[in-house]
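Structure first, then comments.
All values below were derived from every heavy atom in this structure, side-chain atoms included, with hydrogens, water molecules and symmetry-related copies excluded.
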Amino acid sequence: MRNKLILTYIMGLLLAGCTMKKEVDLLIVNGNVYTVDSLFSKCSAIAVKDGIIVATGSDNELQEQYTSPQTIDLKGAPLYPGFNDTHGHLSLLGESLRKVDLRGAASFEEIVERLQKRYDEEQPAFLAGDGWDQNLWQVPELPTNEELNKRFPNIPVVLSRIDFHAVVANQKAIDALGLKVGDTSIPAGEAIIKNGNFTGLFLESTSDRLVASLPPLSREEMSKSLLAAQAECFKYGLTSSASSGEMHDVIELLDSMATEGSLKLRADVWLGQDPSNFERFKAPYRNGNMRISTIKLFMDGALGSRGALMLEPYTDAPSTKGIKVTTDEAFRTNCKWAYEHGFQVATHAIGDAANRNALRLYSEFLPVGNNLRWRIEHAQMVTDEDLPLFGKYGIVPSIQPTHATSDMLWADERVGCRLKEAYRYKDLLRQLGWAPSGTDYPVEEVNPIYTFFAATARQNLDFIPEGGFQPENALSKEEALRSMTIWAAKASFEESIKGSIEAGKYADFVVLDHDIMTVDAKQIPTTKVLMTIVGGEVVFATTHQK
């Protein structure tokens, strides 16, 4: 009898042990969860502890195994891995939020009126704006500064084009910088001159000098602008983002924010061409949510301002082939430094000549079949002859699908029949079998849903053109989602810690009000973020239930 009681007692303990639940920090249930794992499988529930996914499965499975002080019932809403923008500019985004927004202006006259409104409201010591695009105007000609000189003769005015590769500046800003016609410090082609005088339009490095001549943000202002940029990212479901070509002062501030914990966005920060960056960072560096392991280089300018470097002259400007902004010698020097110090290289290349030159210079350093994941940013025009070099040398094509739908209405004027070799995202994806995507914000809007729509439908937000622009280069919905999640993580060697919803990875998620994988295409652009979660913490929500 005594042995029977003991056996019963032991069996009770064993049964109790089997039914004891493990405690986690967060349970997410009743979801339509796309894990984006290797099988592209789905589930309905996720358990999270210490910011890491510990399990995925059905509601019953996880609720039987885990208990949590916080449960989020998604009520059937779709959840995806947190979106990852593989080419953005945090500091530029933050600064753009304080500048005069010139996006969508239908004429230069409208731009001047927006500037006048800001001047009347604030009486600032200078006016800065960005986002103008002459291709939206009835007469799509690059602007001059005549009207700016008349309206604002006593304060500097510097206005960046939407691609940040050109500015129009008034005479006060030009004089403040000390620029003169014939100035040898201005590289050939970077100042537009008419009748022996500046028109006010400047390109590439000279445009950068004019922007830099404006009074800089204080450290406190810069910190606020970066936090505003982070909040903008969270609003649109971004949990990770590259920040391309940052200068040393911005990187130092981001490093401080990472240390104190205010940088919640997972930031892949690329070193800009600032000597202080290369003096400090002799090896890849990580601090909390900030990773530094890439340098940013430029091969050319932008197509819209005819700064993209072409093999043949522009169709609408036969006197120019664009601007080569970095010499081969300087490019090789930077690549050599990166190769020796273990950094990735990410090179801006738009025109077909720029892409050819970058690919071939890369090949001097990259062995065939390597896994160093050096990148070409934009890869906007690539000839059939050069396309296989991506696969041969393991070079990652980093694409921005909304560039195609922003440019498509005028790009043929620039390049004519060569357009068939532009914005060829499916062709680029085939080279390695994967390709990361991004927006290039604030050049384009931050919203990654627009990236998904442009990649799959190849239409702009007015659903033009019917049937899509060069639809043979559209991505499937699965490819587009992978490009914003797991392939984006892979581009920065982080696919083992984020990019899919699997045990052991960061608990980074985005919840939407429509399922972009199944909803009608016309509903995709209006899809809204309900919730953004980073490391198990809700960092943005329009509505959620605990």
Side-chain angles (χ1 to χ4, degrees), residues 8-84 234-235 237-240 264 266 289 477-478 481-482 484-486 489 494-519 527-546:
T8 302
Y9 177 71
I10 292 173
M11 289 297 294
L13 288 175
L14 289 172
L15 288 171
C18 290
T19 57
M20 284 182 64
K21 296 182 180 181
K22 298 175 184 176
E23 184 166 331
V24 293
D25 302 323
L26 171 66
L27 271 177
I28 297 174
V29 298
N30 197 16
N32 177 21
V33 177
Y34 289 84
T35 68
V36 196
D37 62 8
S38 60
L39 300 176
F40 209 69
S41 63
K42 295 179 70 176
C43 65
S44 63
I46 308 168
V48 175
K49 186 173 181 61
D50 297 328
I52 303 296
I53 300 166
V54 296
T56 62
S58 69
D59 293 353
N60 287 340
E61 288 172 337
L62 267 59
Q63 287 176 325
E64 287 176 359
Q65 295 177 55
Y66 299 98
T67 182
S68 174
Q70 182 184 23
T71 297
I72 297 176
D73 183 350
L74 294 180
K75 303 183 187 304
L79 179 148
Y80 314 82
F83 296 147
N84 183 345
F234 290 156
K235 176 181 174 182
L238 289 173
T239 59
S240 295
K264 297 180 182 298
R266 303 196 195 279
N289 283 349
K477 287 187 174 183
E478 180 177 333
L481 185 58
R482 287 188 182 280
M484 304 160 50
T485 54
I486 190 64
E494 295 178 290
E495 69 270 29
S496 66
I497 57 174
K498 66 181 185 181
S500 61
I501 299 174
E502 299 178 86
K505 291 192 174 184
Y506 292 140
D508 298 349
F509 317 122
V510 58
V511 181
L512 303 179
D513 64 348
H514 295 140
D515 182 359
I516 56 175
M517 301 301 293
T518 60
V519 76
T527 298
K528 298 289 189 295
V529 172
L530 297 180
M531 194 182 312
T532 305
I533 298 173
V534 180
E537 176 187 353
V538 177
V539 294
F540 172 82
T542 54
T543 177
H544 70 276
Q545 179 180 341
K546 294 186 178 181

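Across all their heavy atoms, F509 and T239 have their closest contact at O-CG2, 4.0 Å. Here the closest heavy-atom approach between residue Y66 and residue K21 is recorded as O-CD, 3.8 Å. Contact record, P81 with S500: CG-CA, 3.9 Å, taken as the closest heavy-atom pair. The heavy-atom pair separating T56 from C43 by the smallest distance is CB-SG, 3.9 Å. The shortest non-hydrogen separation linking S68 to Q70 is OG-O, 2.8 Å. Annotation for G536 and V48: closest pair CA-CG1, 4.1 Å, computed over non-hydrogen atoms.
With 3.5 Å as the limit, one finds no donor-acceptor pair spanning the side chains of Y80 and N32. Side-chain polar atoms of D59 and S44 form a donor-acceptor pair below 3.5 angstrom. Under the 3.5 Å distance criterion, with hydrogens and angles disregarded, a donor-acceptor pair is assigned to the side chains of S240 and K498.
Within the 4.5 Å cutoff, the side chain of V24 has no heavy atoms near those of the T67 side chain. Looking only at side-chain heavy atoms (C-beta outward), V29 and L62 stay at 4.5 Å or farther from each other. Side-chain contact check for R266 versus Y506: some heavy-atom pair is nearer than 4.5 Å.
Note: T532 OG1 to F234 CZ = 8.0 Å, rounded to the nearest 0.5 Å. Atom CG of L26 and atom CD1 of I533 lie 6.0 Å apart (nearest 0.5 Å). Between the CG atom of D508 and the OG1 atom of T485 there is a distance of 11.5 Å, given to the nearest 0.5 Å.
Classification of the F40-Y34 ring pair by plane angle, with boundaries at 30° and 60°, yields tilted.
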Evaluation steps, side-chain contact (heavy atoms from CB on, under 4.5 Å), between L27 and I46: CA-CA 6 Å; L27 271 177; I46 308 168; over 6 Å; no
Trace of the side-chain contact (heavy atoms from CB on, under 4.5 Å) decision for L512 with K528: CA-CA 6 Å; L512 303 179; K528 298 289 189 295; over 6 Å; no
From CA spacing to verdict: side chain to side chain donor-acceptor pair (under 3.5 Å), D37, T35: CA-CA 5 Å; D37 62 8; T35 68; 3.3 Å; yes
Working for side-chain contact (heavy atoms from CB on, under 4.5 Å), residues K42 and V33: CA-CA 5 Å; K42 295 179 70 176; V33 177; 6.0 Å; no
Residue pair V510, L79: steps toward the side-chain contact (heavy atoms from CB on, under 4.5 Å) verdict: CA-CA 6 Å; V510 58; L79 179 148; over 6 Å; no
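Proximity of a side-chain donor or acceptor of D515 to a complementary backbone N or O of M517 within less than 3.5 Å is detected. Side chain of N30 to main chain of L74: no donor-acceptor pair is present (N/O by atom type, distance under 3.5 Å, no hydrogens or angles). A donor-acceptor contact shorter than 3.5 Å links the side chain of E61 to the backbone of S58. The backbone N or O of M484 lies less than 3.5 Å from no partner atom in the side chain of N84, so there is not a single donor-acceptor pair.
By the salt bridge (charged side-chain N to carboxylate O under 4.0 Å, His left out) test, K505 is found to be paired with E502, residues two or more places apart in sequence or in another chain being considered. Evaluation of the salt bridge (charged side-chain N to carboxylate O under 4.0 Å, His left out) rule for K264 yields E537 as partners, not counting sequence neighbours.
At most 12 heavy atoms of other shown residues, nucleotides or ligands fall within 6.0 angstrom of atom NZ in K235.
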